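These notes concern the structure reproduced below.
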Amino acid sequence: ELLRQFGYELDDEARLLQIPSELDAAEAIQGLQALAAQLLSGQRPDSSAMRDTVLHTIACKAAIKAGDITGMAELEALAREVLSREDIKYCPHGRPVCIWLPRATIERQFGRA
């Protein structure tokens, strides 16, 4: 049941049948390993700390990262989403996803000030 909550499904022989739709196969395996590590560390499967850790791991693995190749349409959709929602402020690690720069700062960066 715990695995199903996070988008995983295994058969009776522990073969992986389904992974979270946001992840590719390698990322899904890393997420599953993180979940197993949490269980081995003694965290209760129903604890909110474990749930938060696993969700954090899945979000991190699914995120677009520096160096990823993305299409212009995907980048534009992402920018629209981030700029239109007040609840998207930080990445799973707590770093800001966008910052505000005064016009004067940008002009200085381009040698215009």
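Keep in mind that this is a model prediction, so the values were computed, not measured. For reference, positions follow the sequence shown, starting with 1.
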Partner residues of T105 under the side-chain hydrogen bond (donor to acceptor under 3.5 Å, both in side chains) criterion, sequence neighbours left out: R108
Fellow cluster residues of L101, listed by chain then number, with links counted only when side-chain atoms sit under 4.5 Å apart: I99, I106, F110
Side chain E27, main chain D24, donor-acceptor under 3.5 Å: yes
Qualifying salt bridge (Lys or Arg N to Asp or Glu O under 4.0 Å) pairs, either residue in residues 7-21, two or more places apart: D11-R15, E13-R15
Contact summary for F6 and P20, nearest pair of heavy atoms: O-CG, 3.1 Å
Partner set under side-chain hydrogen bond (donor to acceptor under 3.5 Å, both in side chains) for R80, not counting sequence neighbours: none
Counterpart residues, salt bridge (charged side-chain N to carboxylate O under 4.0 Å, His left out), relative to R103 (two or more places apart): E107
By side-chain contact (heavy atoms from CB on, under 4.5 Å) - contacts of S84 (at least two apart): none
Under the side-chain contact (heavy atoms from CB on, under 4.5 Å) test, residues paired with V97 that sit two or more places apart: V82, I88, C91
CD1-CD1 distance between I29 and I19, expressed to the nearest 0.5 angstrom: 8.0 Å
Results of side-chain hydrogen bond (donor to acceptor under 3.5 Å, both in side chains) for Q109 - residues two or more places apart only: none
Spacing of CG belonging to L3 relative to CG belonging to L32, to within rounding of 0.5 Å: 6.0 Å
Listed once per pair and sorted, the salt bridge (Lys or Arg N to Asp or Glu O under 4.0 Å) pairs that draw on residues 84-101, sequence neighbours left out: E81-R85, R85-D87, E86-K89
